[in-house]
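First comes the structure, then the notes that go with it.
As a basis for the values below, the full set of heavy atoms in this structure was taken, side chains included, without hydrogen atoms, waters or symmetry mates.
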Amino acid sequence: MFRRLFPWVIALAVLSGCGSGGTAAAPSPAGGAKELTVFAAASLTGTFTELGKTFEAAHPGTTVKFNFGSSATLAQQIVQGAPADVFAAASPATMKTVTDAALAGAPATFVRNKLQIAVPADNPAKVDDLKDLADPKVKVALCAEQVPCGAAAVKALAAAGLKVTPVTLEQDVKATLTKVELGEVDAALIYTTDVIASAGKVTGIPFPEADKAINDYPIATLAKAPAGDLAKQFVDLVLSQPGKDVLTKAGFEAP
């Protein structure tokens, strides 16, 4: 058993001090050059890129290619026939688009994420809490309602009894974050993980209604995966303790 897991232990040591408590599938045979394609929510860009490098180290000759973007857009691409092996979505609703089409196996929820108010580092509009976003003088960016970060924003604002008129609706959370980083808006509702990933370019302001709009993130292998065995092994990595360590370090919450 140990001989089978040994390559994983070496690769995961970089991330987790040998990954204590985690298990993952055995690597591919040496010389079996393959490509694994992962469609993943934009908010997973940093963590999945890191896990992809770990996966490649444990599977010599394998290349992990990512398509990051709006979960809603990615789901439609899969339904329309885009070749992919794994889908990691930012909401059960967007995963359901794929499972209802019988294009994915049973999904597993691997993390949760919640919103914060993001403002530029100097907070020019002096935003302190959620109600400030309802001020027409405050320029607000939101994700479009059909994407998970936008759907969460709608829930949070409804829970607070607020009506906010955004100056822009973006197609994923990274685009929304960019509006704040560039100072094009005074505030936005984005995920906690994206505030952390901005490395001080924006300031995050927690608010209580975010607890009523938490997004669960499901992951699944795809039914028509060109690299089915690798897909299962990548999902195993994400669900393993070392995978969880990478995700929680970035601000994601355990499901």
Side-chain angles (χ1 to χ4, degrees), residues 37-49 52 65-84 86-101 103-104 107 111-120 130 133 138-158 162-199 201-202 204 210 213-220 222 250-252:
T37 302
V38 178
F39 280 31
S43 49
L44 294 166
T45 300
T47 51
F48 267 39
T49 298
K65 291 192 173 182
F66 291 102
N67 181 13
F68 293 112
S70 158
S71 296
T73 299
L74 297 176
Q76 287 301 321
Q77 290 175 353
I78 293 168
V79 169
Q80 291 167 7
V86 175
F87 181 36
S91 72
T94 45
M95 177 62 75
K96 190 173 185 294
T97 299
V98 177
T99 55
D100 281 356
L103 293 174
V111 287
R112 309 179 85 195
N113 211 350
K114 66 180 179 180
L115 299 174
Q116 285 191 15
I117 303 165
V119 298
L130 195 62
L133 305 192
V138 177
K139 294 183 290 185
V140 178
L142 297 177
C143 297
E145 186 174 348
Q146 68 269 24
V147 302
C149 58
V154 169
K155 289 181 182 178
L157 292 169
L162 294 173
K163 179 176 176 57
V164 173
T165 303
V167 297
T168 182
L169 291 170
E170 300 298 322
Q171 292 305 306
D172 63 54
V173 72
K174 293 298 183 185
T176 309
L177 170 62
T178 298
K179 292 291 184 180
V180 185
E181 289 179 335
L182 295 176
E184 295 180 5
V185 297
D186 299 314
L189 292 180
I190 63 172
Y191 294 125
T192 298
T193 53
D194 291 287
V195 171
I196 294 172
S198 72
K201 295 179 182 178
V202 304
I214 294 176
N215 277 6
D216 290 334
Y217 281 51
I219 188 169
L222 296 177
F252 288 98

**Report entry** Verdict with supporting geometry, Leu162 and Leu133, side chain to side chain contact (heavy atoms under 4.5 Å, CB included)
**Finding:** CA-CA 9 Å; Leu162 294 173; Leu133 305 192; over 6 Å; no
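- Asn215 contributes a side-chain N or O that, together with a main-chain N or O of Ala90, makes up a donor-acceptor pair within less than 3.5 Å.
- Applying the side-chain contact (heavy atoms from CB on, under 4.5 Å) rule to Pro166 yields the partners Leu142, Leu169; only residues at least two apart in sequence or on another chain are considered.
- Considering every non-hydrogen atom in both Gly251 and Ile196, the closest pair reads CA-CD1, 3.7 Å.
- Here the closest non-hydrogen pair linking Ala187 and Val119 is CB-CG1, 4.0 Å.
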Report task. Under the side chain to side chain contact (heavy atoms under 4.5 Å, CB included) rule, what do Asp172 and Val147 come out as? Steps first, then yes or no, please. Result -> CA-CA 7 Å; Asp172 63 54; Val147 302; 5.9 Å; no
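- For Phe87, there are no ring pair (Phe, Tyr, Trp, His ring centres under 6.0 Å) partners, not counting sequence neighbours.
- One distance of note links OG1 of Thr193 with CD of Gln116; it measures 9.5 Å at 0.5 Å rounding.
- With sequence neighbours excluded, no residue forms a side-chain hydrogen bond (donor to acceptor under 3.5 Å, both in side chains) with Thr73.
- In this structure, the side-chain contact (heavy atoms from CB on, under 4.5 Å) partners of Ala141, at least two apart in sequence or on a different chain, are Thr168, Thr176, Lys179, Val185, Ala188.
- Lys155 is linked by a side-chain hydrogen bond (donor to acceptor under 3.5 Å, both in side chains) to nothing, counting only residues two or more places apart in sequence or in another chain.
- The shortest non-hydrogen separation linking Ala210 to Lys114 is O-CB, 4.0 Å.
- Side-chain atoms of Tyr191 and Cys143, non-hydrogen and from C-beta on, never get closer than 4.5 Å to each other.
- If you run side-chain contact (heavy atoms from CB on, under 4.5 Å) between Thr97 and each of Leu103, Val79, Leu74, Ile78, only Val79 comes through.
- Note that OG of Ser70 and CD of Gln146 are 7.0 Å apart. Values are rounded to the nearest 0.5 Å.
- Qualifying salt bridge (Lys or Arg N to Asp or Glu O under 4.0 Å) partners for Lys201, counting only residues two or more places apart in sequence or in other chains: none.
- With a 4.5 Å cut-off on side-chain heavy atoms, Phe66 and Thr45 do not count as touching.
- Phe39 is not listed as a side-chain neighbour of Leu222, based on a closest heavy-atom distance of 4.5 Å or more.
- Remark: Leu115 CG to Ile190 CD1 distance equals 9.0 Å, nearest 0.5 Å.
- In plain terms, the two heavy atoms of Pro218 and Pro107 that are nearest each other are CB-CB, 3.9 Å.
- In this structure Ala158 satisfies the side-chain contact (heavy atoms from CB on, under 4.5 Å) test with no other residue, sequence neighbours excluded.
- For Asp194, the salt bridge (Lys or Arg N to Asp or Glu O under 4.0 Å) partners two or more places apart in sequence, or in a different chain, are Lys174.
- For Lys139, there are no side-chain hydrogen bond (donor to acceptor under 3.5 Å, both in side chains) partners two or more places apart in sequence or in a different chain.
- Residues passing the ring pair (Phe, Tyr, Trp, His ring centres under 6.0 Å) test with Phe252, sequence neighbours excluded: Tyr217.
- The CE atom of Met95 sits 8.5 Å away from the OG atom of Ser71 when rounded to the nearest 0.5 Å.
- Counting all heavy atoms, side chain and backbone alike, Ala72 lies closest to Pro148 at N-CD, 4.5 Å.
- Between Lys96 and the choices Thr94, Asp100, Val98, the side-chain contact (heavy atoms from CB on, under 4.5 Å) rule is met once, by Asp100.
- Scored by the side-chain contact (heavy atoms from CB on, under 4.5 Å) test, Ala88 finds Ala40, Leu44, Phe48, Phe110, Ile219 as partners (sequence neighbours excluded).
- With sequence neighbours left out, Thr47 forms a side-chain hydrogen bond (donor to acceptor under 3.5 Å, both in side chains) with no residue at all.
- Other residues, nucleotides and ligands contribute only 12 or fewer heavy atoms inside 6.0 Å of the CD atom of Glu145.
- By the 4.5 Å heavy-atom criterion applied to side chains, Lys163 and Leu157 are not counted as neighbours.
- Considering Val180, Thr178, Leu177 as possible partners of Ser198, the one that fulfils the side-chain contact (heavy atoms from CB on, under 4.5 Å) test is Leu177.
- A heavy-atom distance below 4.5 Å is not found between the side chains of Thr37 and Pro83.
- Counting heavy atoms from C-beta outward, Leu189 and Ile117 have side chains that approach closer than 4.5 Å.
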